[in-house]
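Below you'll find the structure, written out as structure tokens, and then a few comments.
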Number of protein chains: 2
Amino acid sequence: MDDLALPLKAIADPVRLQILEFLHAPVASCCSRGDGVCGCDFEQLLGLSQPTVSHHMKLLVDAGLVRAEKRGRWVYYDLEPAAFAAIADRLARFAHAPRRVAT
Amino acid sequence: MDDLALPLKAIADPVRLQILEFLHAPVASCCSRGDGVCGCDFEQLLGLSQPTVSHHMKLLVDAGLVRAEKRGRWVYYDLEPAAFAAIADRLARFAHAPRRVAT
DNA sequence: TCGATGTATCGATGAGCGTCTATGCGAGTG
DNA sequence: CACTCGCATAGACGCTCATCGATACATCGA
């Protein structure tokens, strides 16, 4: 119920949605390797400053939606599929309404 | 992509999540009838003022998540199952990552 | 060891949002 | 018709958040 608000708030932002889309299907990258996306790519992709990108990444990681792995000087990001599956399930419940009015 | 932000922002709030939960499985109501929930019920359920409740309802309706039907003096609210199914599908995509890095 | 580079943190600022009180509108009820 | 009641709107206040520049930290290469 309430724990849904945290990850949903993290997703409910155009910038972070774009980040998730890119993590889901990455395109060109300066130092990505196929098993993760380098953080420096987002700076150019989103047209935002580096601190802002770092801020959004922290939110996504704290919400459990994205996994961050530090490899040497870079940080590689990847989606956390289980988190999205859980949220999707919770929302799908509203699509199958029991609609019984108790007294 | 971006059209997801609007409904997600509407859901990503503890108060509105509680409203959705109640619409999904209503309990006691002063004037509900089984095919919708009277707006006056939320005021007491949420412990918020009437204008605040009206504000949240407007957000949910504008996001296409809730349907409002005016019957006489009251307004009855109901979930819009298709909207939640669509959002759940979009989020479920992130749980099934293609993970192909194009150049 | 020193400089370069990627990232995180700090402080400030401006916009957006949730909440309230006060008020207006519409529809029943006496 | 006048009054009541449910709901919507307007304006204001406080808080959160997205964003930036400046700076600190960490790691790699020369």
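To find a chain, count down the sequence lines: A is the first, B the second, and so on, and within it residues start at 1.
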Interatomic distance where CG belongs to B:L46 and P belongs to C:dT19 [whole Å]: 9 Å
If you look at every strand shown and take non-hydrogen atoms under 4.0 Å, does B:L59 touch a base, only sugar-phosphate, or nothing? sugar-phosphate
Using side chain to side chain contact (heavy atoms under 4.5 Å, CB included), reason through B:F42 and B:M57 one step at a time and then give a plain yes or no. CA-CA 10 Å; B:F42 294 108; B:M57 287 309 187; 2.8 Å; yes
Regarding the side chain of B:V15, the nearest nucleotide among C:dT19, D:dC5, C:dG6 is C:dT19
Round to the nearest Å and state the distance from B:K58 atom NZ to C:dC17 atom P. 13 Å
List in numerical order all residues of residues 50-57 of chain B for which some heavy atom is under 4.0 Å away from an atom belonging to DNA chain D. B:Q50, B:P51, B:S54
B:Y77 has its side chain closest, among D:dC20, D:dA8, C:dG6, to D:dA8
With sequence neighbours excluded, residues passing salt bridge (charged side-chain N to carboxylate O under 4.0 Å, His left out) with A:D62: A:K58
Between A:D13 (CG) and C:dA15 (P), how many Å, whole number? 17 Å
In whole angstrom, what separates A:R73's CZ from D:dA24's P? 20 Å
If you find the nucleotide of DNA chain D closest to B:V75 and the one closest to A:G72, which residue's nucleotide is nearer the 5' end? B:V75
Residues A:L79 and A:F84: closest non-hydrogen pair is CD2-CE1, 4.0 Å
From CG of A:L60 across to P of D:dC17 the rounded distance in Å is 14 Å
Whole angstrom is fine here: how far is it from CG in A:D41 over to P in C:dT5? 17 Å
Measuring from A:R16:CZ to A:I11:CD1, what's the distance to the nearest 0.5 Å? 9.5 Å
Closest nucleotide among D:dA18, D:dC28, D:dC20 to the A:L48 side chain: D:dC20
Nearest-angstrom distance from the residue atom CZ of A:R71 to P of D:dC28: 13 Å
Has the side chain of A:H24 got a donor or acceptor atom that lies under 3.5 Å from a matching backbone atom of B:R93? yes
Counting neighbours of CD on A:Q50 that are heavy atoms of other residues, nucleotides or ligands and sit closer than 6.0 Å, is the number greater than 12? yes
Would the distance check show the side chain of B:R67 and the main-chain N or O of B:D78 forming a donor-acceptor pair, the cut-off being under 3.5 Å? no
Are any of B:K9's side-chain N or O atoms less than 4.0 Å away from OP1 or OP2 of C:dC17? yes
How many Å lie between CD on A:E69 and P on D:dT27, as a whole number? 15 Å
